[in-house]
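What follows is one structure encoded as structure tokens, with my remarks underneath.
For ligands, and for the atoms within them, numbers begin at 1 and follow the listed sequence. Keep in mind it's a predicted model, so treat the numbers as computed, not measured.
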Amino acid sequence: MSHARPATRRGAQLAAALWSSLLWVLVLAPRDARGQPPAYDLLLAGGTVIDGTGAPRRVADVAIVGDRIVAVAPGLARARAKRVVDVTGQVVAPGFWDNHAHLVTLPEHPLAENFVRQGITTILAPLHSQAQPFPMDAYRARVRMAPNVGLFAGHTWIRTRVMGLENRAPTAAELAWMRALVDSSMAQGALGLSTGLEYVPAAYASVDEVAALAEVAARYGGIYVTHLRDEGPGVLDAIRETLEVGRRARMPVQVNHLKVTGAAQWGWSGRILALLDSARAAGQAVAVDVYPYTAYSTYSDLMFPPWVLADGAEAFARRVADPATRARLVQEMRVRFPQQAGDTPASVQFREVASDPALGGKTLADYLSARGRPLTIEAAVEALITLQLAGGFIGIFHGMDERDVEAFLRAPGTMVETDGDLVTFGKGHPHPRSYGSFPRVLARQVRERGVLSLEAAVQRMTSVPAQWLGVRDRGTLAAGQHADVVVLNATTVADRATYVVPHQWPVGVSMVAVNGTVVFEGDAMTGALPGAFLARGRAP
Ligand SMILES: [Zn+2]
């Protein structure tokens with residue numbers, strides 16, 4: 001009996017507590033639906049989630065609060081979201097990572113619309129041939145943009161700043177200055193060192209020079225990213241050189257826009273992939289990325305041997321004016337033409353010709369026909385020299401074989417990129433890759449040709465590059481990740497831009513969010529600029 005009262009009292013207290021809780025539930029529940037602060041800022045409801053890890057698709061809701069994903073699960077409470085978007089029947093995936101694009105004009109094109117409309121939320125900007133922002137700190141403080149952006153220390157900019165366009169090795173003092181500029185860029189957040197060894201003046205750099213600069217980036221945990229010295233007949237040696245830089249500087253290496261150009265080399269993808277595999281088997285960290293087109297785009301310089309372009313336009317004109325030098329040049333260029341482009345003048349298409357803008361979109365065959373010249377490689381070489389003397393051009397070079405492109409895309413771990421530019425809709429004659437690379441992979445390689453499953457393609461566009469760069473809080477759809485998200489229709493997503501009519505938006509992407517903020521929806525950019533500059537994720 002002596003125990004009964006306390007027990008009863010405890011029972012009464014428990015009952016009171018239960019009543020009280022029940023009352024709170026009764027009081028709170030309706031109010032929560034009526035206007036308590038919502039639990040989610042955005043709920044993407046009922047979509048088919050492809051989470052970027054390679055896991056099979058599943059139906060689930062994706063809930064976002066602020067800049068983060070907070071839940072990925074079926075049946076999340078719609079009543080608790082500030083905004084619900086029903087995405088039933090559509091794919092919800094992490095935003096895509098473009099491994100290489102040209103962002104020199106980012107301050108003038110902060111929306112990066114031609115990238116974002118492809119579902120891209122993060123753009124890496126290794127600066128093969130272009131100026132790098134410097135000081136990077138000031139640039140990062142000043143520039144706002146829709147997608148996330150990763151910057152690199154650019155060898156071409158650094159070498160030009162120290163040595164101009166001179167065709168020689170740096171002195172010890174010049175090399176020290178170049179190393180200091182790499183060091184400064186890395187200290188300001190660069191993700192690694194990038195080179196464009198096919199271009200002047202980087203083409204004049206030896207592997208020793210590149211390795212000496214790469215070592216500085218390696219100390220910070222940076223990676224080495226390269227546009228190979230040669231993507232044509234010398235592509236295997238160029239890859240060997242890249243691997244050597246990685247070994248000497250003890251750092252991961254990445255080949256941007258892996259390809260094999262020139263009709264003479266078509267079919268070499270097997271040898272290239274075998275070389276990469278043997279390096280990986282030997283313990284090297286090697287990554288590659290690809291854009292899904294059989295034409296590349298670059299300066300007309302590429303059709304010329306580097307020695308003739310040394311020291312700029314005036315020096316080029318002087319050399320060409322000398323009959324013996326010109327004869328040697330013509331002879332080399334006849335061999336070089338099918339090694340770089342295709343095997344006919346029609347394989348070179350003009351993109352931007354400052355001296356004659358009307359040529360945009362036409363081919364070298366059109367150019368020769370209009371002047372009553374024969375459609376031969378010899379005539380094409382003479383025309384290239386004439387055009388170079390007038391300032392050169394940016395061209396589209398139809399010089400790859402789709403079987404090689406797909407072999408590279410199919411290889412395990414290959415990532416995707418655009419190699420695109422920030423374009424103004426309707427202006428100029430850009431390569432269609434600027435508008436269509438990612439939707440093209442999803443349409444052509446995934447849906448039509450079955451080269452990759454949709455899950456595998458999304459993985460290569462998202463978590464594979466994030467992991468490669470050591471970025472842990474992006475690249476998948478999971479609670480805690482930054483809310484970089486794309487919504488698309490897997491049965492209709494496609495590129496529409498062509499070499500003839502490049503200014504066409506892709507179709508099938510209906511929403512893109514960066515850091516939780518919607519930047520593209522329906523058929524329009526929202527104008528929001530929530531992009532962040534990526535921080536290095538790899539440990540030194
Ligand atoms: Zn490049």
Side-chain angles (χ1 to χ4, degrees), residues 97-106 114-115 120 123-132 149-160 190-205 210 214 223-232 234-235 238-239 241-242 245 253-262 265 272 286-304 306 309 339-341 348 351-352 392-400 404-405 408-409 414-423 430-434 437-438 465:
W97 289 53
D98 184 346
N99 268 273
H100 172 53
H102 310 116
L103 300 185
V104 177
T105 55
L106 185 61
N114 56 292
F115 294 101
I120 294 164
I123 304 175
L124 304 176
L127 307 139
H128 296 341
S129 52
Q130 296 169 318
Q132 109 182 32
V149 169
L151 299 171
F152 287 77
H155 169 245
T156 291
W157 175 82
I158 288 170
R159 194 182 214 271
T160 305
L191 302 179
L193 175 72
S194 76
T195 63
L197 297 176
E198 191 160 25
Y199 300 110
V200 168
Y204 307 138
V210 176
I223 64 171
Y224 174 61
V225 183
T226 186
H227 173 136
L228 295 171
R229 194 180 290 276
D230 192 329
E231 295 178 327
V235 63
I239 291 171
E241 176 184 35
T242 305
V245 171
V253 297
Q254 179 173 354
V255 177
N256 273 155
H257 46 66
L258 179 63
K259 62 170 86 76
V260 54
T261 65
Q265 288 79 238
I272 291 169
V286 186
V288 302
D289 53 64
V290 169
Y291 60 79
Y293 292 88
T294 53
Y296 63 98
S297 175
T298 189
Y299 299 99
S300 49
D301 295 15
L302 204 70
M303 301 304 287
F304 294 80
L309 301 176
Q339 290 178 335
Q340 299 289 2
V348 175
R351 205 180 116 186
E352 283 169 40
F393 60 92
I394 301 176
I396 294 170
F397 300 86
H398 298 266
M400 283 118 82
D404 289 322
V405 174
F408 292 137
L409 265 173
T414 298
M415 302 183 284
V416 183
E417 60 138 289
T418 64
D419 202 3
D421 299 280
L422 289 159
V423 295
H431 189 299
R433 67 194 181 192
S434 291
S437 292
F438 283 72

Under 30°, 30 to 60°, or over 60°: which ring-plane class applies to Phe397 and Tyr296, parallel, tilted or perpendicular? parallel
Mind checking how many protein N/O/S atoms fall short of 2.8 Å from the Zn ion (ligand 1)? 2
Presence of salt bridge, Glu198 and Arg229, under 4.0 angstrom: no
Please list, chain by chain and in numerical order, all residues satisfying ring pair (Phe, Tyr, Trp, His ring centres under 6.0 Å) with Phe393, sequence neighbours excluded. Phe350
His227 pairs by ring pair (Phe, Tyr, Trp, His ring centres under 6.0 Å) with which of His100, His155, His128? His128
Any cation-pi pair here, Arg433 with Tyr291, using under 6.0 Å and within 45°? yes
Give a yes or no on whether the backbone of Val416 and the side-chain of Asp289 come within a donor-acceptor separation of less than 3.5 Å. no
